[in-house]
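Source: prediction; values computed, not measured. Letters go in sequence order (proteins before strands), and every chain restarts at 1.
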Amino acid sequence: MTDSSESLNFIEQIVAEDLANGLPKENLRFRFPPEPNGYLHIGHAASICLNFGLGNKFNAPVNLRFDDTNPTKEEQEYVDAIKNDIQWLGFQWAQECYSSDYFQQLYDWAIELIKKGKAYVDPQSAEKMAEQKGTPTTPGTPSPYRDSSVEENLEIFDKMKNGEYPAGAYVLRAKIDMASPNMLMRDPLLYRIVNKPHHRTGSEWCIYPMYDWAHGESDYIEQISHSICTLEFKPHRELYDWFLDQIYDDNKQRPKQREFARRNLSYTVMSKRKLLQLVESKTVSGWDDPRMPTISGLRRRGYTPESIKKFSEVSGITKRDSVTDVSLLEFCIREDLNKTATRVMAVLDPVKLVITNYPQDKVEMLEAENNPEDPKAGTHEVPFSRELYIEREDFKEEANSKYFRLSLGKEVRLKSAYIIKGESVVKDENGNITEIHCTCDLDSRSGSGTEASMRKVKGTLHWVSIAHAVKAEVREYDRLFLDEAPDSHEGKDFMEFVNPDSLNIIKEAYLEPFLKEAQLEDKFQFQRLGYFTLDKNASAEHLIFNKTVGLRDSWAKQQSEKKAQNQPQPKANKNQPQAQRSALNEMQKISKKYTNLSGAKLEAARADIEKLAEEITYDELEPLFNTAAKKVGTRIGVMISLGVLLKNGQERNDSINEFISKGAEDNNELLAEEANKLG
RNA sequence: UGCCCGAUGGUGUAACUGGCAACACGUCUGAUUUUGGUUCAGAAGAGUCUAGGUUCGAGCCCUAGUCGGGCAACCA
């Protein structure tokens, strides 16, 4: 992470530049400022990793500051959850701070502002003030209370503080500029009266500072050097600076606000309001439902801190808004779990398999590798017996050579056990398979070292011994929304896109007995199926496993493609012009670099273009006559191709003549030369 | 209609001060494999939103436009 050869993101560059311009290293200080009104999500993780990453990179302290200026929404529950999540991610803050710790200082500064004639109390209704604010294109009009005397303002503000007015009776506003093109500068609110106890200050205060007033000043109090926030606060920067100007002392570090784009994830929503809606509508079971993009949801789902940090790192920091595909998140968790998860076997959709030549009462304890990626991970024992469960999907009575699994007359290996051959099936009156009978090559036991055990068979199946199997509930999750960006459709509520099948509960799955000992934080790979972890509600009597993510599955992909191909495809004609265009594309590609070439390479490129031109039609070529003048290479390629077409009998027309004469006049010698050949 | 951001393969990001557009995910081949996983080798895919300009040379600088996002809570 401290690798200096890595390119810095733009925030890191700003810090590095400030350092280069003389900012003392020891003045560097960052902060992560959540509002305790909801749970942290994967988007916050980006901010956490950015701020704490900055701390690591520049060896500077990072404060955790709860921006708790609104007692109507904030709760201790959220404070605790947020702290827990940050620690779980593996970050340690320098100081635990609260904006509410600064209420007195903020209040004192507000008094100063009033005394300087830069703030005033206003009794008007919110509607009235909004009206006076104007619109982005028309200036506002001053409040009739804008020029009240300092004494009067002081007196009322004091009474506001003492709880002598009901909520909403008065506000304190900064006196800035009612005509500013920035709406936030049109006399913004500093304080409002709220009659609700605060989770930390109790009922000590009746007035609470607004975000803009509290945030920058808190940064200043904590001597934060760089205050990083998301893009929507960009317009607030002007106000942030204005407030700082009022109280700033030259001998102290002046914080600066910089903004980056918040991270969106495909197939989910990220705003706390919407996540809350999912919780309150019972669409999900809670903030930590494994389908939620919250840190706690991801944790319950089986994501690791490493995977989330890796995701943040790989996603990067910029100023353009974007939607990152979940496949990147999934890649990050697979990569981590592949290295660390213990391999076990579990059958989710069982069908009985009887090994007819295996003794009735025999039980063997076989050795199974815990992790082939890590030899040091060791092994564990798996009981093997005559009657097993395998996955229903792993058997077909008849199958073609592309199917590597069990079918009648074909051999497969049972993972860590024997090679078996399908012999017959038992069916019920409806024709459903109830038992598969097979024989086993008794010499082929895995690890026995016999020749038979080394035989190559195409497929390997996972299994569990019925007599020894442990029952468990298994929960599989799919994306919560069917749309890639559910909250991006105008006129449509994001709730319309909720995926009705995002949760699939398997009431009775069969696991190898080793899993009985599973602990909450353990990570397993159910072989050939995916990664799983114990749910927090599991007990020894009732095991519950959550599926974190499936393994990559090229077989499933093939199958779904085959299915798609069987449907009539309107897509077919889309591919055709592409194939036709390829000669043209090829020609353009070569032409692009044409002017960089010389000598033999140039000759070769020219010959290639001529050859390709044989396959290009005039209709394809003509639009390229309009190629921008500066794209000389392409114009040369087009000129050469045109020469070939003319030679092959294409008749001259006005467009052609114009293109040639323009080319002949071009400053580029190569182009002029080619044009003159045709002229 | 005002102000402020942004625009680079399908996706997310790079490109030091202007010098042959790179990396990761995803996709596709092939090899290896007691997980149709992993690993390994390779491929396809962008003329950097458009049009002008400056320059020997522009993704980067300038001008104009287009498109997308944000801004008028007693929320943060």
Side-chain angles (χ1 to χ4, degrees), chain A residues 6-9 33-35 37 67 69-70 72-74 125-126 129-131 133-140 167-168 170-171 180-184 186 189 191-194 208 210-212 214-215 229 231-238 259 261 263 266 272-273 314-325 327-332 334-335 338-339 343 345 369 372-373 402-405 412-417 419 446-447 453-462 525-530 550-558 588-589 591-593 596 628-631 633-634:
Chain A
E6 257 172 56
S7 71
L8 302 178
N9 66 48
E35 183 191 8
N37 70 339
D67 220 335
T69 56
N70 184 1
T72 61
K73 288 186 180 171
E74 295 150 6
S125 68
M129 281 189 276
E131 215 173 278
K133 221 161 201 180
T135 71
T137 50
T138 57
Y170 280 97
V171 294
S180 170
N182 183 349
M183 297 296 290
L184 292 158
R186 324 246 262 225
L189 269 59
Y191 277 95
R192 76 286 210 192
I193 300 171
V194 180
Y208 290 91
M210 300 290 290
Y211 165 84
D212 287 297
H215 200 95
C229 61
L231 236 38
E232 70 269 26
F233 289 99
K234 177 68 217 286
H236 293 246
R237 189 148 116 195
E238 195 180 354
E259 311 82 13
R263 178 147 307 286
S266 63
K272 279 194 253 185
R273 204 204 89 230
V314 166
S315 298
I317 298 291
T318 56
K319 289 174 82 164
R320 62 183 102 102
D321 33 30
S322 55
V323 181
T324 305
D325 201 288
S327 66
L328 189 60
L329 218 209
E330 291 179 347
F331 163 78
C332 293
R334 284 194 189 108
E335 181 188 55
N338 175 52
K339 287 185 298 200
R343 270 48 173 193
M345 291 193 285
E369 241 180 335
E373 305 299 313
K402 287 273 170 58
Y403 186 81
F404 302 162
R405 309 175 183 189
V412 293
R413 177 181 295 280
L414 294 175
K415 178 77 189 175
S416 307
I419 294 172
S446 293
S453 71
M454 316 281 234
R455 281 165 51 207
K456 304 271 178 218
V457 287
K458 195 65 188 164
T460 301
L461 268 42
H462 60 275
Q525 186 196 90
F526 290 6
Q527 289 188 96
R528 304 209 304 135
L529 296 176
L551 259 27
R552 283 187 64 206
D553 190 347
S554 50
W555 169 248
K557 202 184 298 169
Q558 261 180 54
Q588 286 180 277
K589 213 170 143 184
S591 304
K592 171 177 151 186
K593 300 279 165 64
N596 295 337
K630 72 173 174 184
K631 292 171 190 166
T634 302

Query raised in the report: Donor-acceptor pair under 3.5 Å: do we get one between A:Glu259's side chain and the base of B:G6?
Result: no

**Report entry** Pair of N/O donor and acceptor under 3.5 Å linking B:U34 base with A:Glu369 side chain
**Finding:** no

Query - Separation of B:U8 P from A:Lys319 NZ (nearest whole Å) - result: 15 Å

Report task. Under 3.5 Å for both distances, Watson-Crick or G-U wobble, that's the pair rule; now give the dot-bracket for RNA chain B, with | marking pairs to another strand and [ ] for crossing ones. Result -> .((((((..((((.....[..)))).(((((.......))))).....(((((..]....))))))))))).....

Query raised in the report: Side-chain N or O of A:Ser266 less than 4.0 angstrom from OP1 or OP2 on B:U11?
Result: no

Report task. Could you give the distance separating B:U35 and B:A15 at their P atoms, to the nearest angstrom? Result -> 41 Å

Query - A:Ser180 side chain to A:Asn182 side chain, donor-acceptor N/O pair below 3.5 angstrom - result: no

Requested in this report: Could you work out the separation of B:G6 and B:C60 based on their C1' atoms and round it to a whole Å?
Outcome: 15 Å

Requested in this report: Indicate whether OP1 or OP2 belonging to B:U34 is found under 4.0 Å from a side-chain N or O atom of A:Ser446.
Outcome: no

Query raised in the report: Expressed in whole Å, how much space separates the P atoms belonging to B:G30 and B:G70?
Result: 46 Å

Requested in this report: Determine yes or no for a side-chain-to-main-chain donor-acceptor pair under 3.5 angstrom, with A:Asp67 supplying the side chain and A:His215 the backbone.
Outcome: no

Query raised in the report: Considering only the P atoms, how many Å lie between B:C49 and B:A21, rounded to the nearest integer?
Result: 15 Å

Query raised in the report: Do we count A:Trp555 as stacking onto B:G36 if the rule is ring centres under 5.5 Å and planes under 30°?
Result: yes

**Report entry** Partner of A:Asn37 under side chain to side chain donor-acceptor pair (under 3.5 Å), chosen from A:Arg273, A:Lys73, A:Lys272
**Finding:** A:Lys272

Query raised in the report: Does the side chain of A:Arg528 get closer than 4.0 angstrom to OP1 or OP2 of B:G36 through an N or O atom?
Result: yes

Can you pull every protein N or O that's under 3.5 Å from an N or O on nucleotides 68-71 of chain B?
from  : atom 1 : to       : atom 2 : distance (Å)
B:G69 : O2'    : A:Asp321 : OD2    : 3.2

**Report entry** B:U32 and B:G37, which share atom name C1', separated by this distance in whole Å
**Finding:** 13 Å

Query raised in the report: Does any donor atom in the side chain of A:Ser446 or A:Arg413 lie under 3.5 Å from an acceptor atom in the other side chain?
Result: yes

Requested in this report: For A:Val457 and for A:Glu35, find the nucleotide of RNA chain B with the closest heavy atom, then tell me which residue's nucleotide is more 5'.
Outcome: A:Val457

Query - Phosphate contact (B:U33 OP1 or OP2) by A:Thr460 side-chain N/O below 4.0 Å - result: no

Query raised in the report: When we call it a touch if two heavy atoms are under 4.0 Å apart, what does A:Leu551 touch: a base, just sugar-phosphate, or nothing?
Result: base

Report task. Give me the ring orientation class for A:Tyr211 and A:Phe233: parallel if the planes are under 30° apart, tilted from 30 to 60°, perpendicular past 60°. Result -> tilted

Query raised in the report: Is there a donor and acceptor pair, one atom on the side chain of A:Arg413 and one on the base of B:U34, closer than 3.5 Å?
Result: yes

Query raised in the report: Nearest nucleotide by nearest heavy atom, which residue falls closer to the 5' end of RNA chain B, A:Gly459 or A:Gly168?
Result: A:Gly459

Query raised in the report: Any donor-acceptor pair under 3.5 Å joining the side chain of A:Arg334 to the base of B:U38?
Result: no

